Structure formats: structure tokens, C-alpha cells
Visitor: 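Please find one structure pasted underneath; my questions will follow.
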Amino acid sequence: MNDEPNLSAEELIGRLSPVLSPWRRLRGVAALVGGLAGAVCAGSLWATEPAALPGRTRLAFAVFTLVCLAWAGYGAWLVTRRTPLLALDRVIAGWFALAASIATTVIIVVAAVQRGAGLAPALATGAVVTAVSAVLVVRAHVRRAALLRRKRELTGRDAPPADPLDGTDPPRRR
């Protein structure tokens, strides 16, 4: 016997994750604080340089500061969410990681070419980091698609339409 009341699909989904778990909030706070700390550190170092920096160094500071600010924005967004994210946070984090790894790879390769250092190690390192980030993005999208598919199944939005020829309605879910 089941003593629990029958819940609608929306109520069931609401009970699954109505607010962010403490661990997910902690992850958001860590991204927020880490991003802000990195942006402040890079900005402070950049602003307090006594002499004009070369172009590639300024570019590296700018990219690093932007990546840190993006992580801070992601952390702030994650902390302020109160509804189930259905793995959207993982998708966004994966895309941030992929963008950061591509930018880092470009900077490493440009620095290796300008210094005449080995291009192969720079490309290999960048390719590995970018490939790992790409795998994480794909896994996040697959996980989100599975959760959204389950949500559609629970809410009954994928039920077949009523057949007007036989006069019957499809079974409805509670």
C-alpha cells in the first residue's frame, strides 16, 4: 500500500529540486569568489605595471580578466537561481571552459611561434585541454537532454493527440 498522495507531474518535478542544494550553492559561491578574486588580481597586476606592456601581454591580461569575470557572472547566476536548472548550469560551465581552453590554446600557440619555441608541445597541450573541455560540453548537453526528456514524459507533453476519427481521448496522466 502506498500512503503518499497522488501528485501531479508539476508537483513531482517541484519536489525533485525546488531550490539549489547546499553543494550546488557552494559551487556557485566558489565560482563567484574565485572569478572575482582572479579578475581583481589580474586587473591589479595589469594596472600597477610600471612600464607599458607588450601587446601580447596586454591581450593575455585582458583574456584572463574576461574569463574570470565570466566565471564570476556564472557563479552569481547560479547562486541566485531558485528553480530546478535541469543541468543548465553544467552546460553553461562547459561552454565557459571550452571558450577559456580555446583562448588559452591560441595564446600559448602565438607565444610559442613568436618565441621560436616548439610549436608541437604547445599545440598538443592546447589540443588535450580543448578536447577535454569539448567532451565535458557534450556530456552536459546529453545529461540536460535526458532530464528535459524525462520532464516532458512526466508532464505528459509528449502524449499523442486525440484521434478525431474514433472519438476517444488518449489516457491522461495525473
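A quick note: this is a predicted structure, and the numbers were derived from the prediction, not measured.
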Visitor: What are the two closest non-hydrogen atoms of Cys68 and Ala39, and how far apart are they?
Guide: CB-N, 3.4 Å
Visitor: Considering all heavy atoms of both residues, which atom of Gly43 and which atom of Thr65 are nearest to each other, and what is their separation?
Guide: N-OG1, 4.3 Å
Visitor: Applying the 4.5 Å side-chain criterion to the ILVMFWY set and letting contacts propagate, would Val63 and Trp95 be lumped into a single cluster?
Guide: no
Visitor: Quick check: does any side chain N or O of Ser101 sit under 3.5 Å from a backbone N or O of Leu98, one acting as donor and the other as acceptor?
Guide: yes
Visitor: To the nearest 0.5 Å, what is the distance between CZ on Arg90 and CZ on Arg139?
Guide: 8.0 Å
Visitor: Which residue, Arg143, Lys151, Arg144, forms the side-chain contact (heavy atoms from CB on, under 4.5 Å) with Leu147?
Guide: Arg143
Visitor: Check salt bridge (Lys or Arg N to Asp or Glu O under 4.0 Å) between Arg27 and all other residues, then give those that pass, not counting sequence neighbours.
Guide: Asp89
Visitor: Please report the closest heavy-atom contact between Phe96 and Ala70, naming both atoms and the distance.
Guide: CE1-O, 3.4 Å
Visitor: Would you be so kind as to tabulate the donor-acceptor pairs closer than 3.5 Å made by side chains of residues 109-116, with sequence neighbours excluded?
Guide:
| residue | atom | partner | partner atom | Å |
| --- | --- | --- | --- | --- |
| Gln114 | OE1 | Arg56 | NE | 3.4 |
| Gln114 | OE1 | Arg56 | NH1 | 2.9 |

Visitor: How close do Gly38 and Phe64 get, heavy atom to heavy atom, and via which atoms?
Guide: O-CE2, 3.8 Å
Visitor: Is there a continuous path of hydrophobic side-chain contacts, each under 4.5 Å between heavy atoms, that joins Ile107 to Val129?
Guide: no
Visitor: Same hydrophobic cluster for Tyr74 and Ile102, using side-chain heavy-atom links shorter than 4.5 Å among ILVMFWY?
Guide: no
Visitor: Between Thr125 (side chain) and Ala122 (backbone), is there a donor-acceptor pair under 3.5 Å?
Guide: no
Visitor: Rounded at 0.5 Å granularity, tell me how far CG in Leu119 sits from CD1 in Ile108.
Guide: 11.5 Å
Visitor: Could you state whether Val67 and Leu78 fall into the same hydrophobic cluster, counting links through intermediate Ile, Leu, Val, Met, Phe, Trp or Tyr residues with side-chain heavy atoms under 4.5 angstrom apart?
Guide: yes
Visitor: Examine distances only and state if a side-chain atom of Thr57 and a backbone atom of Leu53 form a donor-acceptor pair shorter than 3.5 Å.
Guide: no
Visitor: Search all heavy atoms of Trp71 against all heavy atoms of Gly35 and return the closest pair with its distance.
Guide: CB-CA, 4.3 Å
Visitor: Might you point out which heavy atoms bring Val79 and Gly28 nearest each other, and give the distance in Å?
Guide: CG2-C, 3.6 Å
Visitor: Could you measure the distance from the CG atom of Leu36 to the CG atom of Leu69? Nearest 0.5 Å is fine.
Guide: 7.5 Å
